[in-house]
Protein chains: 2
Amino acid sequence: MLKTLRVPEATVTRLSIYSRFLERLDRNGVTTVSSGEIAEGVGVSPAQVRKDLAYFGEFGTRGVGYNVKDLLKYTLKILGLDQEWSLAIVGAGNLGFALCTYRGFNVRGFHIAGVFDNDPTRIGKRIGHLEVQPLERFPEIVQSENIRIGVIAVPISAAQEVADLMVKNGLEAILNFAPVALNVPDHIEIRNVDLSVKLEILTFNLAFRAAQSL
Amino acid sequence: MLKTLRVPEATVTRLSIYSRFLERLDRNGVTTVSSGEIAEGVGVSPAQVRKDLAYFGEFGTRGVGYNVKDLLKYTLKILGLDQEWSLAIVGAGNLGFALCTYRGFNVRGFHIAGVFDNDPTRIGKRIGHLEVQPLERFPEIVQSENIRIGVIAVPISAAQEVADLMVKNGLEAILNFAPVALNVPDHIEIRNVDLSVKLEILTFNLAFRAAQSL
DNA sequence: TATGTTATGTGAATTTAATAACATGAGATC
DNA sequence: GATCTCATGTTATTAAATTCACATAACATA
């Protein structure tokens, strides 16, 4: 079933989006869907949808389409979301707080197993069922909760230090919200989420493209 | 100075990142930088940096490099950040709250001119210098504050409705944090930020690629 | 059971983006 | 002021991603 080709990251990105769209269809009781409907629903081309899925196997029925429940199950499995992943969030400021309560993190196989900060005014504060822990307890909780993924939600100035701590404690992947390139060993999976980049794409399009067309 | 070529969005994305890196260099008193140093600092190739800049003109000096202050100024100008942009954030939940206080939104030419919600328990709440406004005041404040960009920080179920409201009130660009594809007219610039996609790229890499190499 | 319809899966063609390689020119050195 | 060094700007090359187009197969219908 699983072909052994290099899968473009853009394909994985879209797979995640298809997957969430399928969840919605499923909740609405839709049982069958075509590549065209998925494409329409998420804003890509039908060929793109089929090509993306083709990296991983054949999931549809010619002349019919895809079974929503099945395809959802497959996409979740491909993304590794058929298992639960424990996360550690470091940084309990406004962003860390928002991430702790973010549904997208809590419903799709993710379990926030620890929130950490080194600011005494934040330690002990409750966020939902969680309590902000001092950074000193990071190693212990990572181990006891079997945490493999870390989320960095601290200011730029502290980000590298936190990344180092994560690497040192054996985390395998890092999601970094600080707008800075972090230095980590090659075997660590790291991705950055920069909240303002997309905003600046918008201003570029409004300002620059507008200026060009004059 | 401004060449008239289609600029890849990936280039604009990187430009935004270069720009922030240059800000940091400038704060640290660095006056000159090479494409190699920028590349190193943000995690791309030197050729990529030069290629990206070449879309917009010649900013460096051969044999020397780029003047940090000048290049920063140019990149900001290209991104449209030499002017101030007023934003409206709709949704004053945890995410909306975090965005209001997010430095990246507040320092680089952006001015949050209004936060809106329709939940009575949130209306009137203060977020920094802002006060959460009822959605009814959206048209009035958009007009008086000259708001051109809207940020959607509401749940999926309300996102399309909010987008419609933004379009109807003449906003030109939308940054959407709800994980759903929104329907807007072609002349509206829209970009989605999906907080969990990157997380799922990480789990894909940990789970799927790990399974393949077995 | 044959025929028509429909949507998949895929190989080829096209477009787009990234990398490599090099000619150019600015400044430094002697 | 001639020469050398260095990093840019740019062209050529390679690689990658997307789109196109169609053969294929499943189902429905008569």
Side-chain angles (χ1 to χ4, degrees), chain A residues 1-18 21-22 25 30-72 74-75 78 197 201 204, chain B residues 1-18 21-22 25 30-72 74-75 78 197 201 204:
Chain A
M1 165 189 148
L2 301 178
K3 296 186 185 177
T4 176
L5 265 153
R6 220 195 74 77
V7 180
E9 183 146 320
T11 289
V12 183
T13 298
R14 285 188 297 263
L15 214 61
S16 163
I17 293 167
Y18 302 158
F21 179 66
L22 291 166
L25 291 181
V30 179
T31 58
T32 304
V33 68
S34 70
S35 60
E37 289 163 338
I38 297 175
E40 163 100 40
V42 306
V44 302
S45 74
Q48 182 81 83
V49 173
R50 296 199 297 275
K51 206 64 200 266
D52 285 336
L53 294 174
Y55 281 102
F56 304 97
E58 304 188 6
F59 306 108
T61 308
R62 296 178 188 213
V64 178
Y66 304 89
N67 177 284
V68 171
K69 270 194 198 307
D70 287 351
L71 188 56
L72 173 57
Y74 287 130
T75 55
I78 292 165
V197 162
I201 291 175
F204 171 81
Chain B
M1 163 191 149
L2 300 180
K3 295 185 185 175
T4 177
L5 265 153
R6 221 196 72 76
V7 181
E9 183 147 318
T11 289
V12 183
T13 298
R14 285 188 296 264
L15 215 62
S16 164
I17 294 168
Y18 302 158
F21 179 68
L22 291 166
L25 291 182
V30 179
T31 58
T32 304
V33 68
S34 70
S35 60
E37 290 163 336
I38 296 175
E40 164 101 38
V42 305
V44 301
S45 73
Q48 182 83 79
V49 172
R50 296 199 298 276
K51 197 79 195 277
D52 285 334
L53 294 173
Y55 281 101
F56 304 97
E58 304 188 8
F59 306 108
T61 310
R62 297 178 189 216
V64 178
Y66 303 90
N67 178 283
V68 171
K69 269 193 199 307
D70 288 350
L71 188 57
L72 172 58
Y74 287 131
T75 55
I78 291 165
V197 162
I201 291 175
F204 171 81

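Heavy atoms only: backbone and side chains are in, while hydrogens, waters and symmetry mates are out. Since the structure is predicted, the reported quantities are computational estimates derived from the model, not experimental observations. Below, read A as the first sequence line, B as the second, and so on, with proteins coming before strands; counting in each chain starts at 1.
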S.K.: From the options C/dA18, D/dT19, D/dC27, select the nucleotide whose nearest atom is closest to the side chain of A/Q48.
M.R.: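 Between C/dA18, D/dT19, D/dC27, the one nearest the side chain of A/Q48 would be D/dT19.
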S.K.: Do the rings of A/F59 and A/Y74 sit parallel, tilted or perpendicular, given the 30° and 60° boundaries?
M.R.: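 Aromatic pair A/F59/A/Y74 classed tilted.
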S.K.: What's the CG-P distance between B/L71 and D/dT8, to the nearest Å?
M.R.: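 Result: 10 Å.
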S.K.: Report yes if at least one side-chain N or O of B/R6 is closer than 4.0 Å to OP1 or OP2 of C/dT16; otherwise report no.
M.R.: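 No, B/R6 has no side-chain N/O under 4.0 Å of OP1/OP2 on C/dT16.
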S.K.: Roughly, in whole Å, what's the span from CG in B/D52 to P in C/dA18?
M.R.: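 Interatomic distance, CG of B/D52 to P of C/dA18: 7 Å.
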S.K.: With hydrogens left out and only the distance checked, is there a donor-acceptor pair under 3.5 Å joining A/K51's side chain and the base of C/dT10?
M.R.: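 Donor-acceptor pair under 3.5 Å: no.
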S.K.: Write down the distance between CD (A/E9) and C1' (C/dA17), rounded to a whole number of angstrom.
M.R.: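 One finds 16 Å between C1' of C/dA17 and CD of A/E9, rounded.
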S.K.: Tell me, yes or no, whether the heavy-atom count around A/E40 atom CD, taken from other residues, nucleotides or ligands under 6.0 Å, exceeds 12.
M.R.: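 Not buried by this count: 12 neighbours or fewer within 6.0 Å.
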S.K.: A/S45 or A/G63: which one's nearest nucleotide on DNA chain D is closer to the 5' end?
M.R.: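 Counting from the 5' end, the first nearest nucleotide belongs to A/S45.
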S.K.: Rounding to a whole Å, what distance do you find between B/F59:CZ and D/dG9:P?
M.R.: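 Distance, rounded to whole Å: 8 Å.
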S.K.: Are OP1 or OP2 of C/dT8 and a side-chain N or O of A/S35 less than 4.0 angstrom apart?
M.R.: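 Yes, such a contact exists.
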S.K.: Closest heavy-atom contact between B/T32 and B/E37?
M.R.: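 That would be O-OE1, 4.2 Å.
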S.K.: Just how far, in rounded Å, is C1' of C/dA7 from CG of A/N67?
M.R.: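 Those two atoms, CG and C1', are 15 Å apart.
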S.K.: Return the nearest nucleotide to the side chain of A/S34; candidates are C/dT8, C/dT19, D/dA17.
M.R.: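 That would be C/dT8.
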S.K.: Pick from A/R50, A/Q48, A/K51: which one makes a side chain to side chain donor-acceptor pair (under 3.5 Å) with A/S35?
M.R.: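 Only one of A/R50, A/Q48, A/K51 forms a side chain to side chain donor-acceptor pair (under 3.5 Å) with A/S35, namely A/R50.
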S.K.: What nucleotide among C/dC22, C/dA20, C/dA18 has an atom nearest to a side-chain atom of B/R14?
M.R.: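 The nucleotide sitting nearest to the side chain is C/dA18.
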S.K.: Given the structure, check if the side chain of A/R62 and the base of D/dT24 hold any donor-acceptor pair shorter than 3.5 Å.
M.R.: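 Side chain to base: pair found, below 3.5 Å.
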S.K.: Among D/dT18, C/dA17, D/dT10, which nucleotide has an atom closest to any side-chain atom of A/A10?
M.R.: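 In terms of side-chain proximity for A/A10, the closest of D/dT18, C/dA17, D/dT10 is D/dT18.
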S.K.: Take atom CD of B/E58 and atom P of C/dG25, then tell me their distance rounded to the nearest Å.
M.R.: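 Distance check: B/E58 CD to C/dG25 P gives 10 Å.
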